[in-house]
Amino acid sequence: MVYKSSLYKRIYVVVRNIPPGKVATYGQVAKISVVLHARIVGYAMAAVPPDSDIPWQRVINHQGKISPRSSGNGGTIQRQYLEAEGIRFDRNGRVDLKIYGWKYPDSERIEGDFFNPELPLEDTK
DNA sequence: TTGTTGACTCTGA
DNA sequence: CTCAGAGCCAACA
(Lines give C-alpha, C1' and ligand atoms only; values in the text may rest on other atoms or scores of the structure.)
Protein backbone atom coordinates (compact mmCIF):
# COMPACT_ATOMS: atom_id res chain seq x y z
CA MET A 1 0.00 0.00 0.00
CA VAL A 2 1.53 3.24 -1.08
CA TYR A 3 0.34 6.23 0.88
CA LYS A 4 0.11 9.78 -0.23
CA SER A 5 2.89 11.02 1.96
CA SER A 6 5.15 10.00 4.82
CA LEU A 7 2.98 12.24 6.96
CA TYR A 8 -0.05 10.06 6.47
CA LYS A 9 2.03 6.94 6.74
CA ARG A 10 3.13 7.94 10.21
CA ILE A 11 -0.45 8.44 11.30
CA TYR A 12 -1.52 5.14 9.83
CA VAL A 13 1.26 3.25 11.57
CA VAL A 14 0.10 4.62 14.89
CA VAL A 15 -3.55 3.85 14.21
CA ARG A 16 -2.75 0.31 13.17
CA ASN A 17 -1.11 -0.25 16.54
CA ILE A 18 -4.12 0.68 18.62
CA PRO A 19 -5.06 -2.52 20.46
CA PRO A 20 -8.49 -4.04 19.82
CA GLY A 21 -11.04 -2.99 22.41
CA LYS A 22 -9.29 0.34 22.93
CA VAL A 23 -9.80 3.74 21.41
CA ALA A 24 -7.53 6.74 20.91
CA THR A 25 -8.35 10.36 20.36
CA TYR A 26 -7.20 12.38 17.40
CA GLY A 27 -5.11 14.50 19.70
CA GLN A 28 -3.39 11.45 21.13
CA VAL A 29 -2.55 10.09 17.73
CA ALA A 30 -1.29 13.53 16.82
CA LYS A 31 1.05 13.58 19.82
CA ILE A 32 2.44 10.14 19.14
CA SER A 33 2.92 11.12 15.55
CA VAL A 34 5.12 13.85 16.99
CA VAL A 35 4.57 16.90 14.87
CA LEU A 36 0.95 16.96 13.88
CA HIS A 37 -2.21 18.72 14.85
CA ALA A 38 -5.44 16.87 15.59
CA ARG A 39 -7.12 18.27 12.52
CA ILE A 40 -4.49 16.73 10.31
CA VAL A 41 -5.16 13.35 11.85
CA GLY A 42 -8.82 13.77 11.06
CA TYR A 43 -7.92 14.79 7.56
CA ALA A 44 -5.74 11.72 7.20
CA MET A 45 -8.57 9.48 8.40
CA ALA A 46 -10.82 10.91 5.73
CA ALA A 47 -8.20 9.83 3.21
CA VAL A 48 -7.85 6.26 4.42
CA PRO A 49 -8.11 3.87 1.49
CA PRO A 50 -11.30 1.81 1.85
CA ASP A 51 -9.44 -1.43 1.17
CA SER A 52 -6.81 -0.86 3.83
CA ASP A 53 -6.37 -2.76 7.08
CA ILE A 54 -6.29 0.41 9.14
CA PRO A 55 -8.66 0.26 12.14
CA TRP A 56 -9.81 3.82 11.71
CA GLN A 57 -12.89 3.10 13.78
CA ARG A 58 -10.75 3.14 16.91
CA VAL A 59 -10.02 6.82 16.50
CA ILE A 60 -12.61 9.11 18.06
CA ASN A 61 -12.68 12.70 19.23
CA HIS A 62 -11.64 14.09 22.56
CA GLN A 63 -15.17 14.05 23.98
CA GLY A 64 -15.30 10.29 23.59
CA LYS A 65 -17.75 10.58 20.75
CA ILE A 66 -17.66 9.42 17.19
CA SER A 67 -16.86 12.43 15.09
CA PRO A 68 -19.62 13.42 12.73
CA ARG A 69 -18.32 13.17 9.21
CA SER A 70 -19.26 15.60 6.53
CA SER A 71 -21.02 13.13 4.28
CA GLY A 72 -23.17 10.09 4.83
CA ASN A 73 -23.76 8.24 8.06
CA GLY A 74 -20.70 6.03 8.28
CA GLY A 75 -20.55 6.86 11.95
CA THR A 76 -23.16 4.22 12.60
CA ILE A 77 -20.88 1.61 11.14
CA GLN A 78 -18.03 2.87 13.27
CA ARG A 79 -20.09 2.48 16.42
CA GLN A 80 -21.03 -1.06 15.48
CA TYR A 81 -17.39 -1.96 14.94
CA LEU A 82 -16.48 -0.68 18.38
CA GLU A 83 -19.38 -2.39 20.11
CA ALA A 84 -18.30 -5.62 18.44
CA GLU A 85 -14.94 -5.18 20.17
CA GLY A 86 -16.63 -4.90 23.54
CA ILE A 87 -16.68 -1.14 23.86
CA ARG A 88 -19.79 0.20 25.54
CA PHE A 89 -21.50 3.47 24.72
CA ASP A 90 -23.54 5.44 27.20
CA ARG A 91 -26.94 6.94 26.55
CA ASN A 92 -25.41 9.92 24.79
CA GLY A 93 -23.34 7.77 22.49
CA ARG A 94 -20.14 8.43 24.36
CA VAL A 95 -17.26 6.12 25.22
CA ASP A 96 -15.62 6.24 28.63
CA LEU A 97 -12.06 7.12 27.78
CA LYS A 98 -10.91 6.31 31.30
CA ILE A 99 -11.72 2.69 30.61
CA TYR A 100 -11.25 2.27 26.89
CA GLY A 101 -8.74 5.02 26.22
CA TRP A 102 -5.45 3.88 24.77
CA LYS A 103 -2.66 4.43 27.26
CA TYR A 104 0.54 5.71 25.78
CA PRO A 105 2.89 3.15 27.43
CA ASP A 106 1.16 0.48 25.40
CA SER A 107 2.69 2.05 22.38
CA GLU A 108 5.96 0.34 23.23
CA ARG A 109 4.56 -2.35 21.04
CA ILE A 110 4.47 -0.10 18.06
CA GLU A 111 6.47 -1.47 15.23
CA GLY A 112 7.28 1.29 12.86
CA ASP A 113 10.30 2.58 11.07
CA PHE A 114 9.72 6.07 12.37
CA PHE A 115 8.80 5.53 15.95
CA ASN A 116 10.67 7.52 18.53
CA PRO A 117 10.30 6.12 22.06
CA GLU A 118 11.38 9.37 23.65
CA LEU A 119 8.12 11.19 23.62
CA PRO A 120 6.35 13.16 26.31
CA LEU A 121 3.92 11.13 28.38
CA GLU A 122 1.13 13.42 29.35
CA ASP A 123 -1.96 11.33 29.04
CA THR A 124 -0.87 8.73 31.53
CA LYS A 125 -3.12 9.04 34.50
C1' DT B 1 -0.03 32.48 -4.01
C1' DT B 2 -4.21 33.52 -1.47
C1' DG B 3 -8.54 31.79 0.48
C1' DT B 4 -11.56 28.01 2.19
C1' DT B 5 -12.44 23.79 4.37
C1' DG B 6 -12.40 20.23 7.82
C1' DA B 7 -13.46 12.43 10.87
C1' DC B 8 -10.22 18.45 15.98
C1' DT B 9 -8.77 20.58 20.59
C1' DC B 10 -8.21 24.06 23.93
C1' DT B 11 -9.90 27.69 26.86
C1' DG B 12 -13.19 30.51 29.06
C1' DA B 13 -17.94 31.35 30.47
C1' DC C 1 -21.14 18.97 32.81
C1' DT C 2 -22.21 21.84 28.17
C1' DC C 3 -21.73 25.66 24.68
C1' DA C 4 -19.01 29.18 21.82
C1' DG C 5 -15.18 31.08 19.98
C1' DA C 6 -10.36 31.00 18.61
C1' DG C 7 -6.52 28.45 16.87
C1' DC C 8 -4.64 24.90 14.34
C1' DC C 9 -2.25 23.20 9.64
C1' DA C 10 -2.32 20.19 5.42
C1' DA C 11 -5.03 19.69 1.29
C1' DC C 12 -7.55 21.69 -2.40
C1' DA C 13 -9.59 25.18 -5.66
Side-chain angles (χ1 to χ4, degrees):
Chain A
M1 184 68 66
V2 178
Y3 297 117
K4 223 170 178 182
S5 69
S6 61
L7 208 61
Y8 282 24
K9 182 179 176 181
R10 257 199 297 189
I11 296 172
Y12 296 151
V13 168
V14 173
V15 173
R16 260 201 298 264
N17 279 274
I18 300 174
K22 296 280 184 179
V23 295
T25 66
Y26 294 95
Q28 179 132 36
V29 173
K31 277 182 195 166
I32 297 171
S33 303
V34 180
V35 74
L36 300 173
H37 191 265
R39 267 201 180 280
I40 310 305
V41 177
Y43 204 91
M45 289 300 102
V48 168
D51 60 329
S52 72
D53 59 341
I54 298 168
W56 53 270
Q57 66 270 20
R58 294 185 195 135
V59 184
I60 60 178
N61 66 22
H62 197 257
Q63 305 173 358
K65 288 190 198 164
I66 293 175
S67 294
R69 62 196 31 63
S70 48
S71 65
N73 63 332
T76 308
I77 298 174
Q78 181 172 6
R79 174 170 174 161
Q80 288 175 355
Y81 272 124
L82 296 178
E83 286 178 330
E85 294 184 356
I87 294 176
R88 296 212 305 168
F89 289 76
D90 68 9
R91 195 170 64 80
N92 297 316
R94 264 196 305 252
V95 173
D96 190 347
L97 290 175
K98 304 224 183 266
I99 299 174
Y100 303 109
W102 184 35
K103 295 288 187 282
Y104 174 76
D106 289 349
S107 57
E108 300 174 9
R109 304 190 308 131
I110 287 184
E111 297 166 4
D113 41 12
F114 73 95
F115 188 66
N116 176 8
E118 316 205 19
L119 295 174
L121 331 166
E122 299 176 20
D123 293 70
T124 318
K125 293 182 181 175

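Values below: all heavy atoms of this structure, side chains included; hydrogens, waters and symmetry mates excluded. Reminder, nothing fancy here: chain letters follow the sequence lines and each chain counts from 1.
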- Note on the structure: Residue set satisfying side-chain hydrogen bond (donor to acceptor under 3.5 Å, both in side chains) with A:Arg79, at least two apart, ordered chain then number -> A:Glu83
- Task: If you link ILVMFWY side chains whenever their heavy atoms are less than 4.5 Å apart, which other residues fall into the same cluster as A:Ile77? By chain and number, please.
- Result: A:Tyr81
- Passes side-chain contact (heavy atoms from CB on, under 4.5 Å), A:Ser67 versus A:Tyr26? Steps please. CA-CA 10 Å; A:Ser67 294; A:Tyr26 294 95; 3.3 Å; yes
- Query: How would you list all residue pairs meeting salt bridge (charged side-chain N to carboxylate O under 4.0 Å, His left out) that involve residues 56-75 of chain A, not counting sequence neighbours?
  - Reply: A:Arg58-A:Glu85
- The contact string for nucleotides 6-11 of chain B, one letter per nucleotide 5' to 3', using protein heavy atoms under 4.0 Å with B, S and - for base, sugar-phosphate only and none, comes out as BBBSS-
- Report the C-alpha separation of A:Ile60 and A:Tyr100 in whole Å, then their side-chain angles, then the decisive distance to 0.1 Å, and conclude whether the side-chain contact (heavy atoms from CB on, under 4.5 Å) test is met. CA-CA 11 Å; A:Ile60 60 178; A:Tyr100 303 109; over 6 Å; no
- Query: CG of A:Leu36 versus P of C:dC8: gap in Å, rounded?
  - Reply: 15 Å
Please tabulate the protein-to-nucleotide N/O contacts below 3.5 Å involving nucleotides 4-6 of chain C, giving atom names and distances.
none

- Query: Would a distance-only check, ignoring hydrogens and angles, find a side-chain to backbone donor-acceptor pair under 3.5 Å from A:Gln28 to A:Val23?
  - Reply: no
Do any side-chain atoms of residues 88-95 of chain A form donor-acceptor pairs under 3.5 angstrom with protein atoms, and if so which ones, sequence neighbours left out?
unit_1, atom_1, unit_2, atom_2, d
A:Asp90, OD1, A:Asn92, N, 2.9
A:Asp90, OD1, A:Gly93, N, 3.1
A:Asp90, OD1, A:Arg94, N, 2.7

- Message: Output the rounded distance in Å from CZ (A:Arg91) to P (C:dC1).
- Response: 15 Å
- Task: Answer yes or no: is there a side-chain heavy-atom contact under 4.5 Å between A:Met45 and A:Val29?
- Result: no
